[in-house]
Amino acid sequence: MRELGADLFEPRTLMDSDFSPARNSGSATDSDFGFAFNDRNFSDRILKIEIIPDLPDTKSDGDGCITLAEWARNRKRRREEIKKENDVFGFLPSVAEVIGQSADQVLNLNVPDAEETLAYDNQDEEVVAMIEESAADGGLNLNEQGDDAPSGSESGWSMDCSTVLRVNTIHISSPILAAKSPFFYKLFSNGMRESDQRHVTLRIHESEEAALMELLNFMYSNTLSTTTPTALLDVLMAADKFEVVSCMRYCSRLLRNLPMTSESALLYLDLPSTVLMAEAVQPLTDAAKQFLAGRYKDISKFQDEVLNLPLAGIEAVLASDDLQVASEDAVYDFVLKWARIHYPRLEERRDVLGTRLVRLIRFAFMTCRKLRKVLSCNDFDHDVASKVVLDALFFKGETPYRQRALALEEANAPYHRLVERSYKYRPVKVVEFDLPRQQCVVYLDLKRDECKHLFPAGRVYSQAFHLGGQGFFLSAHCNMDQQSSFHCFGLFLGMQEKGSVSFAVDYEFAARSKPTDEFVSKYKGNYTFTGGKAVGYRNLFGVPWNAFMADDSPFFINGILHLRAELTIRQ
């Protein structure tokens with residue numbers, strides 16, 4: 001079965017491999033009909049393109065000299081003005097009509113057959129296509145409006161069908177156009193009962209003229225003469241309107257090969273939904289998301305820029321597994337800050353948080369302390385907050401094997417809720433006790449590669465955990481043994497700085513070890529902590545670094561170093 005929207009003359013859909021240098025340069029191929037473009041000898045119909053004035057403040061792209069920002073503003077204004085027109089005149093979006101002299105010659109293309117064409121729901125502009133009868137039959141008067149025709153719109157622009165700036169007449173081949181476009185296929189296969197019905201009229205705005213001419217030429221030659229981003233975007237929009245999927249793929253490929261900027265990436269993500277949903281443009285939007293995710297990988301360096309990103313941009317950045325953040329708690333705080341800036345109204349903020357932004361936060365890797373705050377956060381709908389917190393707690397309670405299996409299940413999902421990012425502060429699992437003494441047991445797992453990168457003087461910190469209302473953290477070090485002068489693995493316990501508070505704590509460090517894979521106590525001590533102080537053991541395992549990292553090291557089980565710290569407040 002032929003793929004929907006594929007060119008009828010080609011045995012397969014246009015793929016990236018079709019963008020060879022030869023094809024891009026416009027050299028002849030087995031499907032190159034450029035020689036027949038606008039040639040009466042190879043044409044069976046005449047296409048009249050009526051050019052009407054643009055909407056107010058809409059600039060023509062011309063030679064592609066305006067910036068992408070101007071292009072985006074013009075398109076936005078155009079969509080807003082057309083929406084006003086539709087509201088005033090009663091037009092439906094995506095109007096595409098074929099009008100004839102008799103009832104049996106009328107074809108309504110508003111709802112294309114889903115089995116033959118791509119979904120057609122263009123909110124940008126309307127297309128009016130008319131089939132004219134021959135001059136002998138009296139023709140079709142395009143200027144007649146009737147007594148009840150409206151005289152203007154809320155925008156102050158009078159939609160006068162008689163205002164035609166000029167008419168371009170082109171000789172066309174209906175088989176070629178029908179093979180490339182479901183729009184033209186329906187146009188030429190319905191309502192044409194007489195052999196003398198050879199004239200077809202399209203009415204477009206002046207700013208669309210260059211793009212439509214490029215599109216028509218592409219349908220013959222499979223190449224474009226324009227190379228500027230703005231001009232390619234105009235052709236892409238025209239190709240979407242007339243359902244020329246091969247041209248959409250071609251424009252998408254050319255745009256992906258141009259240097260990407262934050263401005264252009266955001267523009268590609270903000271294209272009308274019909275373009276975004278089209279499979280042909282998906283590689284372009286994917287490239288835009290990858291660019292933004294890489295550009296703002298370290299949020300702390302570009303915090304102000306990221307806070308100013310629109311919704312599509314923030315989704316691209318925060319969906320990345322490679323996001324460099326201190327912890328998932330920091331992601332949660334950042335999302336709330338962004339939402340409060342862009343959606344000051346609580347109702348709107350709750351809606352966007354519950355439907356769009358909630359899937360960007362990996363609640364399973366947040367601390368239990370922060371999860372409690374989620375439950376009481378007024379920005380989230382209570383039912384949404386309860387569900388995400390409950391799901392996170394269930395995940396935390398699973399065995400490591402089951403956690404890895406659940407993460408693999410969503411490997412192909414667009415959003416990874418159960419994949420751990422490369423956090424600056426490593427996640428920990430904490431079990432807290434209030435009786436008979438205030439105590440907590442903290443589990444910290446480090447991968448072999450993480451330990452390897454600590455050499456020769458690195459350190460890695462855990463997320464904060466709390467005991468008696470005070471925050472603590474673990475830190476793993478590669479340092480020099482003071483007695484033997486060799487590198488070794490050390491583990492330390494620190495208290496977050498908070499005024500002059502002091503705590504007397506008993507602590508014990510343990511690690512799993514082969515062959516039993518049980519936790520074995522490595523060091524016990526007690527210490528009276530004050531803010532910012534840390535205590536621990538410089539050589540936790542009593543061996544040099546090389547022995548600790550050796551392939552036969554008893555401390556790595558399936559590539560993971562399992563550490564445990566028990567803290568008890570001294571009475």
Side-chain angles (χ1 to χ4, degrees), residues 3 5-6 13-21 23-24 61 64 66-72 75-76 118 124 211 214-215 218 222-224 226-240 244-299 301-302 305-306 308-324 356-357 359-360 410-416 419 421-422:
E3 181 179 337
T13 304
L14 193 65
M15 304 297 289
D16 284 352
S17 59
D18 292 313
F19 290 94
S20 62
R23 185 179 290 269
N24 281 333
D61 183 68
I66 66 174
T67 65
L68 286 171
E70 290 174 323
W71 188 94
R75 301 298 296 195
K76 183 177 181 180
L118 295 174
D124 207 16
E214 283 281 357
L215 176 64
F218 176 89
N222 292 310
T223 189
L224 296 172
T226 188
T227 58
T228 63
T230 53
L232 287 172
L233 283 168
D234 277 335
V235 176
L236 176 62
M237 301 297 290
D240 176 57
V244 187
V245 178
S246 57
C247 187
M248 294 172 69
R249 289 196 181 93
Y250 190 92
C251 292
S252 172
R253 177 61 178 265
L254 293 182
L255 288 168
R256 293 203 316 275
N257 289 338
L258 294 175
M260 188 86 71
T261 65
S262 297
E263 179 187 66
S264 62
L266 291 172
L267 180 56
Y268 301 151
L269 294 179
D270 193 40
L271 292 172
S273 59
T274 53
V275 176
L276 283 177
M277 289 189 295
E279 179 185 356
V281 189
Q282 193 64 46
L284 177 62
T285 57
D286 289 344
K289 292 176 182 178
Q290 292 172 8
F291 174 86
L292 291 173
R295 172 76 172 84
Y296 301 112
K297 183 177 181 179
D298 189 345
I299 290 182
K301 292 183 179 179
F302 305 98
E305 289 186 47
V306 179
N308 288 324
L309 291 177
L311 179 58
I314 202 72
E315 285 182 315
V317 172
L318 297 184
S320 172
D321 295 341
D322 299 324
L323 189 67
Q324 294 179 354
R356 301 285 292 272
L357 297 179
R359 57 193 180 189
L360 303 174
E410 65 169 20
N412 296 323
Y415 299 98
H416 296 164
V419 175
R421 307 186 206 256
S422 300

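In this text the structure is predicted, and so the values were computed from the model without any measurement.
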Check your understanding: How long is the gap from NZ on Lys301 to CG on Asp298, to the nearest 0.5 Å?
Key -> 5.0 Å

Review point. Salt bridge check: are Glu315 and Lys289 linked by an N-O gap of less than 4.0 Å?
Key: no

Check your understanding: Is a donor on one side and an acceptor on the other found under 3.5 Å between the side chain of Ser320 and the backbone of Val317?
Key -> no

Point to revise | Pro310 side chain near Leu266 side chain, heavy-atom distance below 4.5 Å | key: yes

Check your understanding: Do the non-hydrogen side-chain atoms of Val281 and Asp240 ever get within less than 4.5 Å of each other?
Key -> no

**Study point:** Nearest-0.5 Å distance, CG of residue Leu323 to NZ of residue Lys297
**Key:** 9.5 Å

Check your understanding: Does Arg253 reach the main-chain N or O of Tyr250 with its side chain, forming a donor-acceptor pair under 3.5 Å?
Key -> no

**Study point:** Check against side chain to side chain donor-acceptor pair (under 3.5 Å), Asp286 and Gln290
**Key:** CA-CA 6 Å; Asp286 289 344; Gln290 292 172 8; 6.0 Å; no

Check your understanding: Hey, what do you get for CG (Leu258) to CZ (Arg256), rounding to the nearest 0.5 Å?
Key -> 11.0 Å

Review point. Which distance, rounded to the nearest 0.5 Å, do you find between the CZ of Arg295 and the CE of Met260?
Key: 13.5 Å

Exercise for review: Please report the shortest heavy-atom distance between Met248 and Ala239, naming the atom on each side.
Suggested key: CG-CB, 3.6 Å

Practice item. Measure the spacing between CG of Leu215 and CG of Leu224 and express it to the nearest 0.5 Å. Key: 8.5 Å

Review point. Judged by atom type as modelled, is there a donor-acceptor pair below 3.5 Å linking the side chain of His416 to the main-chain atoms of Ala411?
Key: yes

**Study point:** pair Leu233-Leu267: side-chain heavy atoms closer than 4.5 Å
**Key:** yes

Review point. Once you round to the nearest 0.5 Å, how far does CG of Leu255 lie from CG of Leu284?
Key: 5.5 Å

Check your understanding: Would a 4.5 Å heavy-atom cut-off, applied to side chains only, mark Leu236 and Ser252 as touching?
Key -> no

Exercise for review: Measure across Phe291 and Ser262 and return the closest heavy-atom pair with its distance rounded to 0.1 Å.
Suggested key: CE2-N, 3.4 Å

Exercise for review: Search all heavy atoms of Ile314 against all heavy atoms of Leu357 and return the closest pair with its distance.
Suggested key: CG2-CD2, 4.0 Å

**Study point:** Where Ala293 and Ala316 come nearest, the two heavy atoms and their spacing
**Key:** CB-O, 3.8 Å

Check your understanding: Can Asp321 and Arg421 be said to form a side-chain contact (heavy atoms from CB on, under 4.5 Å), step by step?
Key -> CA-CA 5 Å; Asp321 295 341; Arg421 307 186 206 256; 5.7 Å; no

Point to revise | For Glu305 against Tyr296, the heavy-atom pair lying closest together | key: OE1-OH, 3.0 Å

Point to revise | Val306 vs Leu318 side-chain heavy atoms within contact, under 4.5 Å | key: no

